[in-house]
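Have a look at the structure below before the remarks.
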Amino acid sequence: MATDFDYRAFTGRNIGFVSEAEQARIRDASVFVCGVGGMGGACVLSLVRAGVGRLTIADIDRFELSNLNRQVFAFGGTLGMPKVDVVRDSLLSINPALDIATYGAEWLDELDVILPQAPVVINGMDDVHAGVLLYRKARQHGATVIDAYASPLPSVTVVRPDDPRPEERLRYPTVGRPASEIDAVDADLCLRREIEYVMTHSSSRHHIDMDAAAEVLAGTRKRMSFAPMVITAGNFMAFEAINVILDRRCGTDCRGYFFNPSTAEVERPLRPPLAWIAAFFVRRFLDRMSDER
């Protein structure tokens with residue numbers, strides 16, 4: 001296939017959504033995707049089909065049975081295999097001219113090498129320590145991070161180099177501390193802060209089993225994931241990455257938005273003082289849930 005591959009023929013049906021000149025910019029773009037399972041996997045698949053020509057991907061995990069419910073590269077034949085290897089080979093089968101580099105657990109130590117070459121970053125992981133370090137390094141190197149919330153509704157955020165980091169905006173206990181000092185207690189509190197934000201600024205509580213959510217908050221079960229939500233959020237991330245690559249103006253900022261498929265509405269963050277009032281009641285509700293556990 002490599003000898004017969006023609007990039008213009010491959011991306012020809014993109015033209016109209018993007019111009020020839022914009023397609024060339026997409027081809028020359030370099031994107032770093034850390035975490036290629038759920039949202040990250042859906043995002044990177046769309047980016048490669050859109051014609052992005054250079055990628056760096058990182059993941060420390062292997063595919064397992066529970067991934068089959070939502071991860072676009074998880075199949076019976078890929079179970080037990082390293083995600084980065086499966087994803088790399090799958091993407092090269094779409095575009096054999098793709099310039100792709102892979103990292104395993106060492107990626108955190110290589111951010112000063114990766115980020116200067118990849119000004120667009122997709123955060124597809126949910127590790128607090130790694131996330132804090134990624135955002136700090138992205139600011140240092142002038143990279144834009146595209147992310148999503150731990151939410152039952154598809155969401156997306158675009159955090160540009162000068163924007164506040166999530167740890168600053170959501171009041172994580174990690175602010176001003178070395179990432180190496182973040183422990184399990186800190187990680188739990190960071191998740192609590194994110195859940196507070198999601199419940200304050202979206203209708204998420206109406207679209208999830210709150211008993212199950214309480215178990216996630218208590219650390220007794222993994223986060224729930226559902227294919228339509230995960231894959232939709234991943235594609236929102238891909239759209240935003242294309243916007244950044246092409247310098248297109250868009251309405252997404254570091255606070256992001258939520259999409260409610262039940263009402264076909266976009267839910268944007270509340271403005272103060274309504275947000276302060278809502279957050280007060282959300283915190284009381286979460287405290288009560290925690291006490292009951």
Same cluster or not: [X] versus [Y], using hydrophobic residues (I, L, V, M, F, W, Y) connected whenever any side-chain heavy atoms lie under 4.5 Å apart?
X      : Y      : answer
Ile122 : Val230 : yes
Val282 : Ile195 : yes
Tyr7   : Leu246 : yes
Val159 : Leu134 : yes
Leu270 : Phe259 : no

Handout entry: Step-by-step side-chain contact (heavy atoms from CB on, under 4.5 Å) determination, Leu191 to Arg223
Key = CA-CA 11 Å; Leu191 176 59; Arg223 298 183 189 181; 3.5 Å; yes
How long is the straight-line distance from [atom2] of [Y] back to [atom1] of [X], given to the nearest 0.5 Å?
X      : Y      : atom1 : atom2 : result
Arg27  : Leu98  : CZ    : CG    : 13.0 Å
Ile60  : Lys83  : CD1   : NZ    : 9.5 Å
Gln71  : Met39  : CD    : CE    : 10.5 Å
His206 : Met199 : NE2   : CE    : 9.0 Å
Arg255 : Asp163 : CZ    : CG    : 10.0 Å
Gln140 : Leu115 : CD    : CG    : 8.5 Å

Test item: [X] and [Y] side chains (from C-beta on) under 4.5 Å apart, heavy atoms:
X      : Y      : result
Cys34  : Asn123 : yes
Met224 : Asp209 : no
Ser30  : Leu55  : no
Leu79  : Leu68  : yes
Tyr103 : Ile114 : yes
His201 : Glu267 : no
Ile245 : Val52  : yes
Pro269 : Tyr197 : yes

Write down the atom of [X], the atom of [Y], and the distance for their closest heavy-atom approach.
X      : Y      : result
Asn69  : Ser225 : ND2-O, 3.0 Å
Phe258 : Ser155 : CD2-CB, 3.7 Å
Asn95  : Ala97  : OD1-N, 2.9 Å
Ser203 : Leu153 : OG-CD1, 3.9 Å
Cys250 : Arg160 : SG-NH2, 4.0 Å
Val120 : Ala241 : CG1-CB, 4.1 Å

Exercise for the section: Answer yes or no: are there more than 12 heavy-atom neighbours, outside Phe239 itself, under 6.0 Å from its atom CZ? Expected result: no
Problem - Check against side-chain contact (heavy atoms from CB on, under 4.5 Å), His207 and Asn260 - result: CA-CA 9 Å; His207 305 282; Asn260 188 335; 3.3 Å; yes
Problem - Any residue meeting side-chain hydrogen bond (donor to acceptor under 3.5 Å, both in side chains) with Asp186, in chain and number order, not counting sequence neighbours - result: Arg177
Practice task
Tell me whether the centres of the aromatic rings in Phe73 and Phe63 are closer together than 6.0 Å.
Solution key: no
Fill in the blank from the handout: Here the side chain to side chain donor-acceptor pair (under 3.5 Å) pairs for residues 44-60, sequence neighbours left out, are Ser46-Asn235
Practice task
Show your reasoning for whether salt bridge (Lys or Arg N to Asp or Glu O under 4.0 Å) applies to Glu20 and Arg8.
Solution key: CA-CA 9 Å; Glu20 293 276 5; Arg8 291 194 67 182; 3.5 Å; yes
Has [X] got a side-chain atom pairing as donor or acceptor with [Y]'s backbone, closer than 3.5 angstrom?
X      : Y      : value
Gln117 : Val113 : yes
Arg193 : Arg171 : yes
Arg248 : Glu240 : no

Handout entry: Arg284 vs Asp287, salt bridge (Lys or Arg N to Asp or Glu O under 4.0 Å): CA-CA, chis, key distance, verdict
Key = CA-CA 5 Å; Arg284 289 187 61 182; Asp287 286 342; over 6 Å; no
Practice task
Take Arg139 and Tyr135, measure what side-chain contact (heavy atoms from CB on, under 4.5 Å) needs, and give me the verdict at the end.
Solution key: CA-CA 6 Å; Arg139 171 183 275 169; Tyr135 271 101; over 6 Å; no
Handout entry: Candidate pair Phe285 and Arg205, rule side-chain contact (heavy atoms from CB on, under 4.5 Å), full reasoning
Key = CA-CA 11 Å; Phe285 175 73; Arg205 63 190 179 279; 5.9 Å; no
Exercise for the section: Would you mind telling me which of Val31, Leu91, Ile26 makes a side chain to side chain contact (heavy atoms under 4.5 Å, CB included) with Leu47? Expected result: Val31
Handout entry: Arg25/Glu22 salt bridge by N-O under 4.0 Å criterion
Key = no
